[in-house]
Amino acid sequence: MCGLTGFLDSEFLDLDNLRARIQPMTDSLRRRGPDGDGIWVGEGVALGHRRLAILDLSEAGAQPMLSASGRLVISFNGEIYNHLDLRRQLKVECSDISWVGHSDTETLLAAIAHWGLDKTLCRASGMFAIALWDRQERKLLLARDRMGEKPLYWGWAGRTLVFGSELSALRQHPNFPKQICRSATAQYLRFCYVPAPRSIHPGIFKLEPGCVLQVDGFPPAAPPDRPLRPGERLETLSIRRYWSLNDTIESGVYAPINNEKEAFSSLDAALNRAVERQMLADVPLGAFLSGGVDSSLIVALMKSQAAQPVQTFTVGFEEFDFDESPHAKAVARHLGTNHAEIFVTDYETRDVIPELPDLYGEPFADSSQIPMHLICRAARQHVVVALSGDGGDELFGGYNRYFWGPNVWNRFEPIPFALRRLMGVTIQTIPVAGLNSLGRLHNYFRPGTSEISPLGDKVYRMAERLRHVRNMDDLYCSLVSEWNTPSELLLGIVEPKSQLDDPLPSSLDDDPIARMMVQDMRSYLPDDILCKVDRAAMGISLETRLPMLDHEVIALSMRLPMDMKIRDGVGKWALRKLLYQRVPQALIDRPKAGFGIPMGLWLRGPLREWAENLLEPEKLAADDLLNPLPIRRVWSEHLSGKRDWTYRLWNVLMLQAWREKHCSF
């Protein structure tokens with residue numbers, strides 16, 4: 001796990017000037033790699049690397065690294081978990097090969113030299129972002145792992161093509177474009193993250209997961225008018241897929257595993273192999289443990305393969321409603337882990353907020369970013385690598401929207417759209433306070449049932465969806481949107497299309513739940529969840545590994561019928577069956593909870609002054625970006641207690657905090 005950066009020069013700088021330009025870009029990634037740094041420059045190209053040493057801690061693993069022939073130069077961020085298997089295959093096919101060290105970087109470079117980049121990536125099990133320079137053909141290749149665990153930005157700084165693990169590195173180039181991309185801002189306001197392939201800056205993009213970007217010779221002089229997508233070309237620059245999620249889905253659909261015994265056995269074996277590969281490290285290793293299905297299963301599998309008790313971590317909060325540490329402690333006690341329970345105060349939690357604009361590099365508004373960073377910070381005091389259960393929800397059906405979304409749509413679909421729209425408008429004329437009173441009345445007379453509170457906010461959100469959705473795909477988009485009409489906030493902007501508008505596999509036409517899961521896999525998972533984990537961990541030099549996203553596990557999950565993922569209203573059914581063989585069901589079964597904090601209360605209390613400052617009308621309207629009126633209305637309603645607008649406000653506040661840091665309004 002490291003950080004990489006570099007550029008293709010268009011100014012014909014000499015080698016000394018190339019070094020002078022790449023050094024600050026590399027230095028900016030110190031958090032990602034505190035154990036060493038390196039640069040390599042050639043005619044018209046510069047590569048930089050910061051190292052977090054995990055495998056082969058010696059100088060034999062240092063980067064940038066040259067191939068044995070000297071033709072290829074690589075700067076690599078990530079881990080190739082099956083690199084020892086690849087070494088054995090290479091030894092069979094290349095009997096004269098000799099190894100300098102035992103790093104996965106050396107393995108990867110030798111494999112690329114022998115098989116080529118695309119074939120090597122298809123054989124590799126891992127997470128990675130790669131920059132590869134072919135000195136003979138003067139060809140640059142950038143590649144990103146299948147699901148997007150590791151970030152890779154690229155784009156134009158003036159006439160120079162720049163790339164790197166984080167925007168912080170690209171910003172060190174003197175010609176970096178510091179303006180805000182308004183199209184990306186519209187998408188951010190909807191989703192609370194900037195979805196690939198855009199970034200928050202014009203002309204700077206994210207390489208999409210499973211893709212290779214290739215530049216033959218000199219890069220184009222200027223960026224395209226819109227983001228380049230896989231299969232497209234701009235002069236000497238092209239993007240292609242070496243791995244396709246859609247193809248993997250189609251393969252799974254046409255080769256299903258309908259026998260439950262076979263399904264459980266295959267899944268158990270695949271997860272065990274993934275965990276075994278990902279426990280390979282030359283540094284201390286542990287795991288996050290929330291006490292939920294995914295993390296508990298990963299830790300249970302680690303226990304079965306570890307010679308010593310597994311080191312596990314959880315973070316506890318002062319607010320009881322947000323504290324899951326007792327559940328984690330119970331699971332840890334059953335599995336016999338060496339468990340660390342770190343409790344943080346509200347003050348310590350809020351103290352992370354000023355760090356967020358630098359930590360994430362662009363606006364990012366998943367508020368669980370704060371507790372995620374806190375648990376990473378705590379784990380880093382004991383280990384350098386931590387395994388996590390992320391990915392299980394998307395692959396095996398864990399989110400609540402998969403259950404009740406289709407049920408809601410089935411009830412409203414028979415109603416003509418015009419009538420649904422009228423119903424939504426009418427409902428929103430009812431005072432929220434009155435609806436909340438009805439909810440409290442329900443809770444009073446039926447104390448043993450699930451509480452409905454606050455009913456008003458829930459009804460208003462449903463009414464908003466009734467006004468806009470025409471089909472199940474619209475409903476999904478509404479469920480993952482914070483501001484449903486970003487054009488109301490932005491001045492003179494038409495919201496662009498996103499990856500959610502890309503075609504879905506035709507085999508999913510009649511399966512709305514599967515369609516929702518796939519949409520999450522190609523946008524929410526890489527651009528929110530994996531971004532959150534990567535930045536939260538790498539901000540304090542911790543490597544995170546996600547066995548659920550092993551490519552064998554992904555392929556196998558596509559072969560399982562939906563009733564092995566969601567059954568009788570319970571998600572992750574197959575994972576639960578495997579877990580219950582190792583952990584008592586009573587320790588696991590409880591309502592799904594997010595990794596949350598009481599942000600709404602804080603915005604009315606200790607964070608009010610900070611928020612008010614960022615939401616001043618003149619700051620909102622700076623550079624003619626935002627329309628203050630709807631934002632100020634939401635802020636007023638939240639402060640009065642009339643509505644709970646926590647997530648909409650956090651969305652705007654993270655944008656404003658980022659602008660204040662990087663745009664100096």
Asks: To the nearest 0.5 angstrom, please state how far the CH2 atom of W635 sits from the CZ atom of R643.
Replies: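 Result: 15.5 Å between the selected atoms.
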Asks: Give a yes or no answer on whether the side chain of K565 reaches the backbone of S557 with a donor-acceptor pair at less than 3.5 Å.
Replies: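 The answer is yes, because a donor-acceptor pair under 3.5 Å joins these two groups.
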Asks: Could you give the distance from CD1 (I353) to CD (Q369), rounded to the nearest 0.5 Å?
Replies: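 I353 atom CD1 to Q369 atom CD measures 9.0 Å (nearest 0.5 Å).
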Asks: Do V383 and F313 have side chains that approach each other closer than 4.5 Å (heavy atoms only, starting at C-beta)?
Replies: yes
Asks: Could you please spell out the steps behind the side-chain contact (heavy atoms from CB on, under 4.5 Å) verdict for V299 and V331?
Replies: CA-CA 9 Å; V299 172; V331 173; over 6 Å; no
Asks: Does some side-chain heavy atom of Y193 sit less than 4.5 Å from a side-chain heavy atom of C531?
Replies: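 The answer is no; the side chains never approach within 4.5 Å.
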Asks: Applying side-chain contact (heavy atoms from CB on, under 4.5 Å) to D35 and L52, what does each step give before you reach the verdict?
Replies: CA-CA 5 Å; D35 298 329; L52 176 61; 3.6 Å; yes
Asks: So, S75 side chain and A131 main chain: donor-acceptor pair closer than 3.5 Å or not?
Replies: no
Asks: Check the surroundings of atom OH in Y647: do more than 12 heavy atoms from other residues, nucleotides or ligands lie under 6.0 Å from it?
Replies: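 No, not enclosed.
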Asks: Taking the side chain as every heavy atom from C-beta outward, state whether Q311 and L285 have any pair of such atoms under 4.5 Å apart.
Replies: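 Q311 vs L285: side chains apart.
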Asks: Is the charged tip of R401 near the ring of Y524: under 6.0 Å from the six-membered ring centre and within 45° of its axis?
Replies: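 The answer is yes, since R401 meets both limits relative to Y524.
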Asks: Is any side-chain heavy atom of M127 closer than 4.5 Å to a side-chain heavy atom of L546?
Replies: no
Asks: With a sphere of 6.0 Å drawn around CD of E348, does it hold more than 12 non-hydrogen atoms of other residues, nucleotides or ligands?
Replies: yes
Asks: Would you tell me whether S28 and Q172 have side-chain atoms, one donor and one acceptor, within less than 3.5 Å of each other?
Replies: no
Asks: Is it true that Y81 and D104 share a donor-acceptor pair across their side chains at a distance under 3.5 Å?
Replies: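 No pair is found: no donor N or O on one side chain lies under 3.5 Å from an acceptor on the other.
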Asks: Just by distance, do the side chain of R171 and the backbone of G361 share a donor-acceptor pair under 3.5 Å?
Replies: yes
Asks: Hey, mind stepping through L603 and L653 against side-chain contact (heavy atoms from CB on, under 4.5 Å) and telling me if it holds?
Replies: CA-CA 10 Å; L603 291 177; L653 287 166; 3.7 Å; yes
Asks: Spell out, as yes or no, whether a donor-acceptor pair under 3.5 Å connects the side chain of D644 to the backbone of T646.
Replies: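 At least one qualifying donor-acceptor pair exists.
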Asks: Which heavy atom of G389 sits nearest to which heavy atom of I298, and what is that distance?
Replies: CA-CG1, 4.1 Å
Asks: Between D534 and R32, does any side-chain N to carboxylate O distance fall below 4.0 Å?
Replies: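 Salt bridge: yes.
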Asks: Do the charged groups of K532 and D390 touch, with an N to O distance under 4.0 Å?
Replies: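 No, no charged N to carboxylate O under 4.0 Å.
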Asks: Restricting to non-hydrogen atoms, name the atom on E341 and the atom on S325 that form the minimum distance, rounded to 0.1 Å.
Replies: OE2-O, 3.4 Å
Asks: For the CZ atom on R604, are there more than 12 heavy atoms of other groups (residues, nucleotides or ligands in this structure) within a distance under 6.0 Å?
Replies: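 Counting neighbours around CZ of R604, more than 12 heavy atoms of other residues, nucleotides or ligands fall under 6.0 Å, so yes.
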Asks: Between L4 and L152, is the side-chain contact (heavy atoms from CB on, under 4.5 Å) condition met? List the steps.
Replies: CA-CA 9 Å; L4 68 87; L152 187 51; 3.9 Å; yes
Asks: For the backbone of G101 and the side chain of D56, can you confirm whether one donor and one acceptor N or O come within less than 3.5 Å of each other?
Replies: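 No, the answer is negative, given that no donor and acceptor are paired below the 3.5 Å cut-off.
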Asks: For A287 and M302, which heavy atoms make the closest approach, and how far apart are they?
Replies: CB-SD, 3.6 Å
Asks: For R190 and Q187, test the side chains for any donor-to-acceptor distance below 3.5 angstrom and give the result as yes or no.
Replies: no
Asks: If I take atom CG from residue D520 and atom CG from residue D393, how far apart are they, to the nearest 0.5 angstrom?
Replies: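 The CG atom of D393 is 9.0 Å from CG of D520, to the nearest 0.5 Å.
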Asks: Taking the side chain as every heavy atom from C-beta outward, state whether K577 and M564 have any atom pair closer than 4.5 Å.
Replies: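 No. Closest side-chain heavy atoms not under 4.5 Å.
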Asks: Strictly by ring-ring contact (aromatic ring centres under 6.0 Å, His included), give each pair with a member in residues 272-312 just once, sequence neighbours left out.
Replies: none
Asks: Using 0.5 Å steps for rounding, measure from the CG atom of N77 to the OG1 atom of T105.
Replies: 10.0 Å
Asks: What is the minimum heavy-atom distance between V384 and V283, and which atoms define it?
Replies: CB-CG2, 3.7 Å
Asks: Do L530 and L549 have side chains that approach each other closer than 4.5 Å (heavy atoms only, starting at C-beta)?
Replies: yes
Asks: S481 and F191: which non-hydrogen atoms are nearest, and at how many Å?
Replies: OG-CE2, 4.4 Å
Asks: So among D85, N82, D550, N272, which one has a side-chain hydrogen bond (donor to acceptor under 3.5 Å, both in side chains) with R277?
Replies: D550
Asks: With rounding to the nearest 0.5 angstrom, report the CD to OG distance, E552 to S125.
Replies: 6.5 Å
Asks: Considering only NZ, NE, NH1 and NH2 on the basic side and carboxylate oxygens on the acidic side, decide whether K206 and E362 come within less than 4.0 Å.
Replies: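 Answer for the salt bridge query: yes.
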Asks: Are side-chain N/O atoms of D358 and S168 paired as donor and acceptor at under 3.5 Å?
Replies: no
Asks: Are F396 and L560 side-chain neighbours, meaning at least one heavy-atom pair lies under 4.5 Å?
Replies: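 Answer yes - side chains close enough.
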Asks: Locate the shortest heavy-atom distance separating L55 from S103; write the atom from each residue and the value.
Replies: O-CB, 4.1 Å
Asks: With salt bridge (Lys or Arg N to Asp or Glu O under 4.0 Å) as the criterion, how do R648 and E637 come out once you've worked through the C-alpha distance, each side chain's angles and the decisive distance to 0.1 Å?
Replies: CA-CA 12 Å; R648 285 194 179 183; E637 290 180 355; over 6 Å; no
Asks: List for me each residue that meets ring-ring contact (aromatic ring centres under 6.0 Å, His included) alongside Y360, sequence neighbours excluded, and say none if there are none.
Replies: F364
Asks: Does the pair D268/R582 count as a salt bridge with the N-to-O cut at 4.0 Å?
Replies: yes
Asks: Report yes or no: does N651 contribute a side-chain atom to a donor-acceptor pair with the main-chain N or O of Y188 at less than 3.5 Å?
Replies: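 Between the backbone of Y188 and the side chain of N651 there is a qualifying donor-acceptor contact (under 3.5 Å).
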Asks: Ignoring hydrogens and angles, state whether a donor on the side chain of H382 or N338 is under 3.5 Å from an acceptor on the partner side chain.
Replies: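 No pair is found: no donor N or O on one side chain lies under 3.5 Å from an acceptor on the other.
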Asks: How long is the span from the OG atom in S523 to the CD1 atom in I529, to the nearest 0.5 Å?
Replies: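 CD1 of I529 is found 11.0 Å from OG of S523.
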Asks: Measure centre to centre between the rings of H638 and W650, then say whether the value is under 6.0 Å.
Replies: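 No, the ring centres sit 6.0 Å or more apart.
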Asks: Are the side chain of Q656 and the backbone N or O of L614 linked by a donor-acceptor pair below 3.5 Å?
Replies: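 It does hold such a pair.
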Asks: Quick check: do P209 and R144 have side-chain heavy atoms less than 4.5 Å from each other?
Replies: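 They are in contact (side-chain heavy atoms under 4.5 Å apart), so the answer is yes.
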Asks: Main chain of A196, side chain of Q499: is a donor-acceptor contact present, judged purely on distance under 3.5 Å?
Replies: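 Yes: the side chain of Q499 pairs with the backbone of A196.
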Asks: Can you tell me if T544 uses its side chain to pair, donor with acceptor, with the backbone of L387 under 3.5 Å?
Replies: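 Not confirmed, T544 side chain does not pair with L387 backbone.
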